Structures are given as structure tokens and as C-alpha cells.
Amino acid sequence: MLDIQLLRHDLAAVASRLALRGFTLDIEKFAQLEAGRKQIQTRTQELQARRNATSKQIGAAKAKGEDTAAIMAEVATLGDELKQLENKLEQVQHELNAFLSVIPNTPHASVPHGKSEADNVEMRKVGTPPKLDFEVKDHVSIGEGLGGLDFETAAKISGARFSLLKGPLARLHRALAQFMLDMHTEQHGYTETYVPYLVNADSMRGTGQLPKFEEDLFRVPRVMGEEGEINFYLIPTAEVPVTNMVRDEIVPLEKLPLKFVAHTPCFRSEAGSYGRDTRGMIRQHQFDKVELVQIIHPEKSYEGLEELLGHAEVILQKLGLPYRVVKLCTGDMGFSAAMTYDIEVWLPAQNTYREISSCSNFEAFQARRMQARFRNAQGKPELLHTLNGSGLAVGRTLVAILENYQQADGSVVVPEVLRSYMGGMEIIKAS
RNA sequence: GGAGAGGUGGCAGAGUGGUCGAAUGUACCUGACUCGAAAUCAGGCGUAGGUGUAUGCCUACCGUGGGUUCGAAUCCCACCCUCUCCGCCA
């Protein structure tokens, strides 16, 4: 959510910044909603003030035992208009709120301008793609060849876009998550958290998934009450429950920054991605991810973003996986982000880099929706900044290991840092 | 699932229809006293919004949403959450 004061005072500037990311702000609609709101609100408050004053008179008069019939008759005439105005005001405020809540964040000034993925800017390449002097297989062939990856059974149990791991590959998956958690808690200063996987609508609104992206989520109906249904939502990322820990909270200044890490499954409906990445584990309805979240002082958030990005990169470095970092352009950034770096890992079978982590600064965009604040040096509540990034997507990391560490005979070498998590196993062979 | 208690300001905790946005304590800020601090004393101290050049004035907010009333923290209804006991249970 953008600051409504900013829109009131500098509408044109906000509109032009949003235009950079391909979003057209309906200036006229905003002006019209605002004008309506102002007029109705002023009139409503006038009437309320009059009603309150008169009611007080009645109270005072009654206390003295005077007759109040005349004043009561007078105030009674206010009732209808006031009720109407109050309803109107509520309606226009709802409209205004709905209007605001689908406006994306404004990009940071340093974000490169562009329309799509093609305009993202490569920051650096780290590591060298392995030279494989044999016919390179993709992770599906490798995994199935090892007898540890089974899409058919997953499809029988659930359907398309699910996978099933067995034996050493299932263990490798677990090893990866453990390794990442250990790195972030022991080396990078994050507090490990275990969080709910089903969250309420307020939490989804807080981080920006709702109201605009409901079709990307799995909704779990909970109660059908008189007021309508109450839903749970399956988390599409641990960002949602972890960031919402500070929703409606005022965090003491000295506790900042809060740094949390969580390993959770993520559930995405992948509506609108029909036909994309249908083969393999790249795009699934369910996948595991280790997520880093920082709740941070506004002046420190860009520093924090670089740091968080570095924490994610270390994982790839330790695993010996080649990757590159790209800075997303204005047109490719997510709804809530002010700046985003993607980390892309090298996948030999695709002969390209594929996204394995996304690290963003949301500035106060999420915090404003969540009313997540801290008490500043003057003792006044002020909005926090929020950051998050994958550190890393576990399934895609598994894919990268299978492909980068594959051998001519179809076996896969276990990266050294994972061996202690694998009971000392150095190589995964077909059973 | 059954029975009961409760949700009020940063925290604790009064308040059962009329100057209650809310006593009191505590925390915090300012001043006095002090070489300085503690203690003491005096004053200040919620959030959001509207409006005005301005001291300011006004509105809303006592879990959430409805309702009754001239007037609701206070009465009524529904829901959410927390706690205690019983039952069931990974």
C-alpha cells in the first residue's frame, strides 16, 4: 500500500514512477474519489459534532431535572441524514481502499527501467559452469534413472505439478534444507522459526498477495458463517507468516533488525502458467523453500538487502553451484517490491541460468498494510521496512545439484558440505 | 465436543447508559531540587483522519461486525481470540 498522503500531495510524481513499471494510475478516478470523500467526510463530521453537542446538553438538562423534549425533538431530525452520510462515507472509503490496495509499490530510483525479463541487468556471474564431456541429461532423467524421482506416482496421488522423492534423493532434499537452516542460523544471525502453513486473509493482505492475486493461492474454506465464509489460505511462501509476525506490532527500536529464517513448504496454484515448465520439478504446486526475512529500520533497509542477498549467495558458493545475480527492471518486479535481485543458478540441461532465489526490499509497502511499526528516537510510532529472500528454493537447488554434479554413468556426486547430512554418502548411484 | 471466565492506552488495571478518549499505578519525556544521580515535587505523555495562517477546533477508535438509544467502553445479537476445567486426540 502506498502512502495516501503521498498521492494527495504529489499525485503526478507517483503516477510517473508507477508508469515505469507499466502501471497506469487512474489519476482522475483518484481525484474523484478523494473529492467525494472530502465532501462527505466534512459534512458527516459536522453533523456528528452537532449531535454530540446536543446530546451533551440533554444529559446536562436531565441532570438538573429540566424538560428535554424540545432539544430531543431537534436532534432527532439529524438522525436520518447522518445515517445516510455515514453509510456513504463508509462506501467511499471502501472504494478508496480498494483502489489503493491494487496499486503496486513504486520502484526505487536506482532500479533499471524496462518492460520485461529481457531488460533485467546482470550484476555478476559467480562460478564456472561445469564442462561435461558426455551427453548431458536433465534432472528428470537423472532422478528417474537413480530411482529416486517419480512423477507418475505423484500424479496418481495428486495430479500434475507434484513430485515424489525416494531414498537418497529424498534425503538429499532434507539435507539441503538442514544445511541452509544451519548456515543462516549459525553463520548469518537469523532466528529459526516454525510457522503456520495455513494463514488468514489479513495476513495475505498484509504482505500483498490479497486482494489482487487470489487466483495464485490455494484457498481452504473454514467456516460458512452468516457474514459469509471465512477462509484459510495455504502459504505461497514463508514470507507471509514470518513477515506477519510483526503485523499490528510496535517493535522496540533496540530490537531491530529482526532476522528470521523458516523452512516451509510453499503452495502455488500456478494459474496462468499453463504449458510453462511442465517437465520436471521446476514449477510445482508444492515445493520447499528456506526463506530469509528481515524487519528493519527504514534507513538500513538497502544495506540489509545487500546483506541478505549475500546470505543467499553463500549457500550456492558452498554448494559449488555456478550462478549469476540480476537486478530486476521496473517492469519485471513483483507487486510489493521496491527493488529486487534474483539469483539464477546454472542448469546444464537447459544451458541457461534459472531463478533460484528472489531477494526484495518492500520498504514500507507491506509494513503500511500490516501496521508494523517501531518507536523512533522521538518515541513516535513509525513504519518499518521489510525484506525477504529465498535462501534458497530447496527443490530447485536439488535440480541444480543433480544436473551440475551428474556423472557420465548417471550417478551424482554429493557436494562436500552436504555429506555430513547424508551419513557420509559421497555419490548417489542407481539402487 | 461440554462447562466457565475474560478481551480497555507501552504494560498493569478501574470503569455497567450522559462533560469517559477514558480514573489510578507503572514506564517514558520536560522542569524544579542536587556537584551529579536516586528519591521527592510540578507538568506533559495514545492512534488515525478532517479542517484552519495559527494557539487550535472537530471526528472516529475500549477484540470484530451489526443492533437499541437523543446519547454506548457500559445494554442486546453474532462472530473472532485468550485463559481454566472435563472429554477426545498426533
Side-chain angles (χ1 to χ4, degrees), chain A residues 1-9 30-31 33-97 99-101 194 196-206 210 220-233 241 244-256 258 364 367-384:
Chain A
M1 189 102 75
L2 295 179
D3 184 358
I4 190 164
Q5 302 292 0
L6 201 63
L7 281 126
R8 282 177 189 153
H9 297 133
F30 179 76
L33 283 170
E34 258 297 280
R37 190 220 93 233
K38 207 166 189 168
Q39 196 232 325
I40 296 165
Q41 182 165 352
T42 313
R43 178 76 185 135
T44 306
Q45 293 189 350
E46 258 174 43
L47 285 187
Q48 285 172 330
R50 209 144 43 115
R51 179 204 59 198
N52 290 347
T54 318
S55 291
K56 274 188 184 171
Q57 280 178 28
I58 295 173
K62 280 201 169 169
K64 290 186 209 152
E66 292 168 8
D67 177 52
T68 57
I71 336 179
M72 282 177 70
E74 182 201 326
V75 76
T77 62
L78 291 180
D80 281 348
E81 190 185 354
L82 188 55
K83 185 142 277 179
Q84 258 184 28
L85 275 171
E86 280 174 346
N87 288 340
K88 251 196 202 165
L89 182 61
E90 191 184 352
Q91 194 193 328
V92 77
Q93 270 167 344
H94 266 122
E95 280 176 46
L96 204 51
N97 199 42
F99 180 82
L100 284 175
S101 60
Y194 170 79
Y197 302 157
L198 289 164
V199 301
N200 57 35
D202 282 341
S203 292
M204 286 296 184
R205 267 191 291 275
L210 288 178
V220 182
R222 188 184 165 205
V223 184
M224 308 290 280
E226 280 182 15
E227 304 297 318
E229 57 185 39
I230 297 175
N231 295 307
F232 278 136
Y233 293 87
N244 273 282
M245 284 166 69
V246 294
R247 171 153 55 85
D248 295 320
E249 297 288 332
I250 297 177
V251 182
L253 183 61
E254 64 273 14
K255 293 228 170 128
L256 298 177
L258 299 174
R368 187 170 295 109
R369 291 173 163 243
M370 290 191 297
Q371 283 303 296
R373 296 174 292 177
F374 69 101
R375 221 168 263 287
N376 66 19
Q378 288 73 46
K380 290 292 169 194
E382 194 181 323
L383 293 173
L384 288 157

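Chain letters run A, B, ... following the sequence lines, proteins first, then strands; residues in each count from 1. From a predicted model like this one, the values you see are computed outputs, not experimental measurements.
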A.B. asks: Please measure how far the P atom in B/rG56 lies from the corresponding atom in B/rG63, and state the result in whole Å.
C.D. replies: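 So the two P atoms sit 30 Å from each other.
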
A.B. asks: Which dot-bracket string fits RNA chain B when only Watson-Crick or G-U wobble pairs with both atom distances under 3.5 Å count, crossing pairs get [ ], and | stands for a partner on a different strand?
C.D. replies: ((((((((.[[[..)..(.....]]].(((((.......))))).((((((....)))))).[[[[[..)....]]]]])))))))....

A.B. asks: Take the protein atom CG of A/Leu89 and the nucleotide atom C1' of B/rA48, then report the distance between them rounded to whole Å.
C.D. replies: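 A/Leu89 atom CG is separated from B/rA48 atom C1' by 13 Å.
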
A.B. asks: Under a 4.5 Å cut-off applied to non-hydrogen side-chain atoms, are A/Arg205 and A/Leu210 in contact?
C.D. replies: yes

A.B. asks: Taking all non-hydrogen atoms of both residues, which atom of A/Leu258 and which atom of A/Val251 are closest, and how far apart?
C.D. replies: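 In terms of heavy atoms, the two residues are closest at CD1-CG1, 4.1 Å.
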
A.B. asks: Could you measure between the two C1' atoms, the one in B/rG67 and the one in B/rA72, and give it in whole Å?
C.D. replies: 11 Å

A.B. asks: Evaluate the side-chain contact (heavy atoms from CB on, under 4.5 Å) criterion for residues A/Val92 and A/Leu33: first the C-alpha distance (whole Å), next the side-chain angles of each, then the deciding distance (0.1 Å), finally the verdict.
C.D. replies: CA-CA 7 Å; A/Val92 77; A/Leu33 283 170; 4.3 Å; yes

A.B. asks: If you look at every heavy atom in A/Ser101 and A/Arg369, which pair is closest and at what distance?
C.D. replies: O-NH2, 2.6 Å

A.B. asks: Do A/Lys83 and A/Asn87 come close enough that some side-chain heavy atom pair is under 4.5 Å?
C.D. replies: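 They are in side-chain contact.
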
A.B. asks: Considering only nitrogen or oxygen atoms on both sides, find all protein atoms under 3.5 Å from nucleotides 28-30 of chain B and state each distance.
C.D. replies:
none

A.B. asks: Round to the nearest Å and state the distance from A/Arg247 atom CZ to B/rC80 atom C1'.
C.D. replies: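 So the two atoms are 13 Å apart, to the nearest Å.
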
A.B. asks: Among B/rG18, B/rA60, B/rU47, find the nucleotide with the atom closest to the side chain of A/Arg373.
C.D. replies: B/rU47

A.B. asks: Under the criterion side-chain hydrogen bond (donor to acceptor under 3.5 Å, both in side chains), which of A/Arg37, A/Arg43, A/Lys38 is the partner of A/Gln41?
C.D. replies: A/Arg37

A.B. asks: Measuring from A/Asp3:CG to A/His9:NE2, what's the distance to the nearest 0.5 Å?
C.D. replies: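 So the CG of A/Asp3 and the NE2 of A/His9 are separated by 9.5 Å.
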
A.B. asks: What integer distance in Å separates A/Ile71:CD1 from B/rC70:P?
C.D. replies: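 Those two atoms, CD1 and P, are 14 Å apart.
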
A.B. asks: To the nearest Å, give me how far apart CD (A/Glu249) and P (B/rG9) are.
C.D. replies: 13 Å

A.B. asks: Would you mind telling me which residue lines up with the more 5' stretch of RNA chain B, A/Met72 or A/Gln48, judged by nearest nucleotide?
C.D. replies: A/Gln48

A.B. asks: Taking atom C1' in both B/rG17 and B/rC70, what distance in whole Å separates the two?
C.D. replies: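 Rounded to whole Å, the distance is 12 Å.
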
A.B. asks: Under a 3.5 Å threshold, yes or no: a donor from one side chain and an acceptor from the other, between A/Ser203 and A/Asn200?
C.D. replies: yes

A.B. asks: Nearest whole angstrom, please: distance from the P of B/rG71 to the CG of A/Leu82.
C.D. replies: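 Computing the A/Leu82:CG to B/rG71:P distance gives 9 Å.
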
A.B. asks: Closest heavy-atom contact between A/Met204 and A/Tyr233?
C.D. replies: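 Looking at all heavy atoms of both residues, the shortest contact is CE-CB, 3.5 Å.
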
A.B. asks: Would you say that A/Glu90 contacts A/Glu86 through its side chain, given a criterion of any heavy-atom pair below 4.5 Å between the two side chains?
C.D. replies: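 Side chain of A/Glu90 against side chain of A/Glu86, heavy atoms only: no contact under 4.5 Å found.
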
A.B. asks: Rounded off to whole Å, could you give me the CG-to-P distance for the A/Leu383 and B/rU47 pair?
C.D. replies: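 After rounding, the gap between these two atoms is 13 Å.
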
A.B. asks: Using the C1' atom in both, what is the distance from B/rG13 to B/rC62, to the nearest Å?
C.D. replies: 13 Å

A.B. asks: State whether A/Lys380 places a side-chain N or O below 4.0 Å from either non-bridging phosphate oxygen (OP1 or OP2) of B/rG46.
C.D. replies: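 No, no such contact exists.
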
A.B. asks: B/rU8 and B/rA3: how far apart are their C1' atoms, nearest whole angstrom?
C.D. replies: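 27 Å, rounded to whole Å.
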
A.B. asks: To check you understand the geometry: which heavy-atom pair defines the closest contact between A/Leu7 and A/Leu2, and what is its length?
C.D. replies: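 Shortest heavy-atom contact: CD1-CB, 4.0 Å.
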
A.B. asks: Using the P atom in both, what is the distance from B/rC88 to B/rA14, to the nearest Å?
C.D. replies: 36 Å

A.B. asks: Looking at A/Lys56 and B/rG18, is any side-chain donor or acceptor paired with a base atom of the opposite kind under 3.5 Å?
C.D. replies: no

A.B. asks: To the nearest Å, how far apart are A/Glu46 CD and B/rA60 P?
C.D. replies: 14 Å

A.B. asks: Kindly compute the distance separating CG (A/Leu384) from CE (A/Met370), expressed to the nearest 0.5 Å.
C.D. replies: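 The CG atom of A/Leu384 sits 8.0 Å away from the CE atom of A/Met370.
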
A.B. asks: Provide the distance between the two C1' atoms, one in B/rC89 and one in B/rC79, to the nearest whole Å.
C.D. replies: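 About 26 Å, rounded to a whole number of Å.
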
A.B. asks: Using a heavy-atom cut-off of under 4.0 Å over every strand shown, decide if A/Pro381 touches base, sugar-phosphate, or nothing.
C.D. replies: sugar-phosphate

A.B. asks: Heavy atoms from C-beta onward define the side chain here; which of B/rG71, B/rG66, B/rA60 lies closest to that of A/Glu90?
C.D. replies: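 The answer is B/rG66, which lies nearest to the side chain.
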
A.B. asks: Given B/rG21, B/rU47, B/rC70, identify the nucleotide with an atom nearest to the side chain of A/Arg51.
C.D. replies: B/rC70

A.B. asks: How far does the P atom of B/rG10 sit from the matching atom of B/rU47, given to the nearest Å?
C.D. replies: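 It comes out at 8 Å once rounded to the nearest Å.
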
A.B. asks: Answer yes or no: is there a side-chain heavy-atom contact under 4.5 Å between A/Asn231 and A/Val220?
C.D. replies: no

A.B. asks: So, for A/Arg368 and A/Leu383, which heavy atoms are closest and what is the spacing to 0.1 Å?
C.D. replies: NE-CD1, 3.6 Å

A.B. asks: Just the table, please: protein N/O against nucleotides 49-54 of chain B N/O, every pair under 3.5 Å.
C.D. replies:
| from | atom 1 | to | atom 2 | distance (Å) |
| --- | --- | --- | --- | --- |
| B/rG49 | O2' | A/Gln41 | NE2 | 2.8 |
| B/rG49 | N2 | A/Gln45 | OE1 | 3.2 |
| B/rG50 | OP1 | A/Arg8 | NH1 | 2.3 |
| B/rG50 | OP1 | A/Arg8 | NH2 | 3.4 |
| B/rG50 | O4' | A/Gln41 | NE2 | 3.4 |
| B/rU51 | OP1 | A/Lys38 | NZ | 3.3 |

A.B. asks: Nearest to the side chain of A/Val75 - B/rA60, B/rC70, B/rG10?
C.D. replies: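 Output: B/rC70.
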
A.B. asks: To the nearest Å, how far apart are A/Arg368 CZ and B/rA48 P?
C.D. replies: 12 Å

A.B. asks: Look at the side-chain N and O atoms of A/Asn52 and state whether any lies under 4.0 Å from the OP1 or OP2 oxygen of B/rU59.
C.D. replies: yes

